[in-house]
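This structure is a prediction, so every number in the text was calculated from the model and none was measured. Quick note: numbers below take in every heavy atom, side chains included, and nothing from hydrogens, waters or symmetry partners.
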Amino acid sequence: MQVQLKQALSLFLVLVLFSTSHSQELVWKRFGPAKGLCGNELYSISQDDHHNIWVSSTTGLSKFNGTHFSNFSSEDGLCGDEILQIHVGKKGELYFFSANGKICQGDPFLKTFRNIYSPDPHEVKGGFFYGFYQDDITASAFIGSRYGGLFRMDSTGVKRIPLESWNEYQFSAGKVKVDMVSIGPVGGALLDAKSHKVKKQFRFKKVLSRGLIKNQQVYGCDQWNVYIIEDGEFLDSIPHHLNSEVTFLDLLDSNKMVIGSKKGFRLLDLHSRILSPAFLSEYSISAVMLDHEKGLWATTLSNGLFYSPYPSSRYLPDLPPPQSISRSDSLVFIGHKNGVATILDPAHSTLTVPVLHGQPNMKIVQIQQHRDQWLFGLESRIVIMDSDKPLIVPLACREFEAVDSGLVFVNYLGFFFIDWLDLQGLNQIPLSGNRRQDFILEHRILAGNFKKVKVKNGKVYVSGPNGLYLFRSGRHKSIYKGAEISDFVIHDNKAFILEYTLGLVVVDLTNSQKRKEIKFGDTRYHNKIRHMGNMLWITSSTGILVIPDLVKPNESILMEQLNGFEYSFPKDALLLPDGNTLVTYENATCIFPPFQHLNQVSPPSLYVDEIRQDDLVLVDHKAINLDHDKNSLRFFLSSPSFKVLPRFEYAISDEFPKSWSSSNFSPVFPNLAPGSYKIWFRSVAGTESSSALAVQFRILPPFWATWWFRALITGVVGLLIYLFFRIRVLTYNRDLVREILAEISKKVKGTKSFTLKTIKGDFVKIYQDELLWISASNVYMDVHTSKGLFVSRIKMKELEERLKEFKGVKRIHRSYIANLSQLDGVNKNQVIIRGQRIPFSPNYKPSIQRALQSTRIR
């Protein structure tokens, strides 16, 4: 086995010296209509100044804010549904080039579009704008088109710059030195940077399929090569080996060029001239872009959008599932779950070797190189390679440390120490029986369920079920008692103890006193703690926690989950000799540059992407006024880092809040009472927080709770009270006047009256001035008054007796009694009252004459 291992190491050194690092596959995440994208047939991709990703397609436009897509079409004011190109201007404005030749400008926040150019159908054959360049001097934008040549766009509009007919297939424009350069498939033009007039035109010796002008350099491309061009001359050519029609040419950064084709794309290092493998080789690529977070995006003509974290992290897909990692000065060792070990060199070349041939595969929990020995800790044994025959220690191993005097290791049975002489003698013990087991158990120092062991400055520290113990000179003592310990680190007389679910504890080893305690405040599980680069790295179920200052461990940041990986529980992290970081997951191993993440001590900023009132999207986020019965708001927040987002908090307060509540990225605020509100949002990583974002809005009260309605009601009530009392006064005065008039009338007309019972049984009071005449009709008496006729069964004689005191009321006939004060006239044998002629008897004529003398004929 030793010979095989030495041969494997020799082969490994040969690989290190004579081979370059093997190419790494990228882990691609696909976005399609099922995830909210507007379609699968995509043309171009761009990123605005607020880190939003914009993708154009045959069916509209999509914006990705890091969490979800928002789609737009011509119904939203877009210049067309088929958008060929997207470009970002100097001031952050967006330009969209439609297949119908129109150009519109968009605002990434207001989601509004304004048409700024519509082509003359006789001048431009369908548009097809491609290249875009904005001049720093005049702020004019230059646009290259497929059929119309070169166009200039400024505040006055879009105008065409005339060039020779052979250059009318122009598709790119850019700045080289102080002049403008425009190129097409068979030629180009040099324009003055200030006047934009054509200074020189030239023809190419080759027909180009694509062109590019960036970083003061002109590039062209055909089906076989990438060309560097200057003043129309082909200075150099670089084969791209795509063997397919080139669909586009672009620069990812100052060093890397991307060449797209119908069979994937390649990346070309312009300095080393090294080509990457063909990425997404089964797809027809339309555009590739590197975002602000160093994520690689690719659009396809039929299969949607792809994303990968290249080149910030490198995935090692061919390795078996990792179990443990460790390193020496120049090499890294990875132990796997199937009894295989991988040796990783600084250039990330790998050599994988089995630990034991013919033995059951077991997890390799630890690998260590000590002097000329290789030690492998497996689940049920420790294998030591120091002779032609491997030495096997037949006990389970959770963790071990090889020191100058011997070997210390822990497992569920206890803590063991065996010196090297005893281990050498172990090979002489017969394999039969339990002699080896008994021999090793004699070297057990302490029984118990131990998990971790560390040797520092001649002292041995082990973690047990009840805390951390120190062993020295055969004696032990407890230096910390607490919850279950998942891992610990010893550094500068301090023990950094990671508890499984609670947090981190710092213990001063000089006096065993607890110095600091950090409770992370959530339910994450903490797996591993390492001391790397004067920092503590903690792997947990939700990411990696980095504590950059060991003296002040409360100043910590929560690292986000690495780009492009769907594994949410990093198991371990290790600093590589080249400065990169190796991270292992349950079934994967990846490498990434740590400083890219460590420099981002504050979490990414939050944006309010959308505010909805029920299903209505509120456009203006600065002036939100809601009715009292429609006061449920839903906020859609985004943090366009294109990684797993940190947790975020919110608070409702007029001033900067002192307490926060945690939520997801689409909080809902239902049934808010009327009033003015200010809602604060912030993203949080560890104990560091980003600057808070405040959104102000107002819930309008119902009309019956407004001041003007209350004032109106008060005025109306006051008016009603006034009218009520006014009417009461008027009514009282009217009744008083009526009473006074009645009294006066009674005094004027007299107050004599009599009561008459009618045949209906009613009793009627008849005053003297109301009585006209009375006539007898059989047994009935008809009493005629100014109020009407009343019929009674009273006898004439009785009635005459009752009217004796009435002055002027006399009997004038056997059947008549008349009120002579009501006479209208008298003739020979009749009196006239109210137009009625009433006869009188001659016998009553003297009495009538006397009555007439004392009364007035009206």
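Contact check for I699 versus F697: side-chain heavy atoms found under the 4.5 Å cut-off. Between P839 and N829, every side-chain heavy-atom pair lies at or beyond the 4.5 Å cut-off. Here the side chains of I759 and Y780 are in contact, with some heavy-atom distance below 4.5 Å. Residues I794 and R802 are in side-chain contact: their nearest non-hydrogen atoms beyond the backbone lie under 4.5 Å apart. Using a 4.5 Å heavy-atom cutoff, the side chains of V831 and Y816 are not in contact. Two residues are said to be in side-chain contact when any heavy atoms from C-beta on lie closer than 4.5 Å; R728 and L730 fail this criterion. In this structure the side chain of C104 reaches within 4.5 angstrom of the side chain of L78, judged on heavy atoms. Within the 4.5 Å cutoff, the side chain of I832 has no heavy atoms near those of the L823 side chain.
Using a 4.0 Å cut-off between charged side-chain N and carboxylate O, K804 and E801 make a salt bridge.
Applying the 6.0 Å contact sphere to CH2 of W707 captures no more than 12 heavy atoms from other residues, nucleotides or ligands. Around the CZ atom of R837, the shell of radius 6.0 Å holds no more than 12 heavy atoms that belong to other residues, nucleotides or ligands.
The minimum heavy-atom distance linking S753 with Y767 is given by the pair CB-CD2, 3.6 Å. A pairwise comparison of heavy atoms in L771 and H784 identifies CD1-O, 3.8 Å as the closest pair. Between M781 and I774, the shortest heavy-atom distance links the atoms CE-CG2, 3.6 Å. The minimum heavy-atom distance linking K63 with N52 is given by the pair CG-CB, 4.0 Å. When all heavy atoms of K91 and D49 are compared, the closest pair comes out as C-OD2, 4.3 Å. Taking every heavy atom of both residues into account, F69 and G36 meet most closely at CB-O, 3.3 Å.
Aromatic ring pairs are classed by plane angle as parallel below 30°, tilted from 30° to 60° and perpendicular above 60°; the pair F97 and H87 is tilted. Relative orientation of the F64 and F31 rings is tilted, given thresholds of 30° and 60° on the angle between their planes.
In this structure, S98 contributes its side chain and G101 its backbone to no donor-acceptor pair below 3.5 Å. Between the side chain of R710 and the main chain of I713, no donor-acceptor pair closer than 3.5 Å is present. For S841 (side chain) and Y844 (main-chain N/O), no donor-acceptor pair under 3.5 Å exists by modelled atom type. Here the side chain of W704 pairs no donor or acceptor atom with the backbone of F709 at under 3.5 angstrom. Under a 3.5 Å cut-off, the side chain of S62 and the backbone N or O of C38 do form a donor-acceptor pair. One N or O on the side chain of R811 and one on the backbone of H813 form a donor-acceptor pair closer than 3.5 Å. Under a 3.5 Å cut-off, the side chain of D824 and the backbone N or O of R834 do form a donor-acceptor pair. In terms of modelled atom types and a separation under 3.5 Å, the side chain of N115 and the main chain of K102 share no donor-acceptor contact.
With rounding to the nearest 0.5 Å, the separation of CG in L756 from CZ in F790 is 8.0 Å. With rounding to the nearest 0.5 Å, the separation of CG in L772 from NZ in K787 is 11.5 Å. Rounding to the nearest 0.5 Å gives a distance of 10.0 Å between NZ of K35 and CG of L305. Here D81 contributes atom CG and N100 contributes atom CG; the two are 9.0 Å apart, rounded to the nearest 0.5 Å. Atoms OH and CD, on Y43 and E82 in that order, are 3.5 Å from each other to the nearest 0.5 Å. Atom OG1 of T755 is separated from atom CZ of F763 by 8.5 Å, given to the nearest 0.5 angstrom.
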Residues Y95, E93; criterion side-chain contact (heavy atoms from CB on, under 4.5 Å); working and verdict: CA-CA 7 Å; Y95 295 99; E93 71 277 17; 2.9 Å; yes
Mind running side-chain contact (heavy atoms from CB on, under 4.5 Å) on I652 and F669 for me, showing each step along the way? CA-CA 10 Å; I652 302 179; F669 300 91; 3.9 Å; yes
Working for side-chain hydrogen bond (donor to acceptor under 3.5 Å, both in side chains), residues D48 and W54: CA-CA 8 Å; D48 62 28; W54 293 81; 2.8 Å; yes
Could you check V809 against I817 for side-chain contact (heavy atoms from CB on, under 4.5 Å), going step by step and ending with a plain yes or no? CA-CA 7 Å; V809 179; I817 296 176; 3.7 Å; yes
Test V791 against V783 for side-chain contact (heavy atoms from CB on, under 4.5 Å), laying out the working first. CA-CA 6 Å; V791 181; V783 180; over 6 Å; no
Evaluation steps, side-chain hydrogen bond (donor to acceptor under 3.5 Å, both in side chains), between S56 and S44: CA-CA 5 Å; S56 69; S44 66; 2.8 Å; yes
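Counted by atom type alone, N819 and S821 present one or more donor-acceptor pairs between their side chains at under 3.5 Å. Counted by atom type alone, D782 and S777 present zero donor-acceptor pairs between their side chains at under 3.5 Å. In the model, T758 has no side-chain atom that pairs as donor or acceptor with a side-chain atom of S792 under 3.5 Å.
Aromatic ring centres of F113 and F72: separated by under 6.0 Å.
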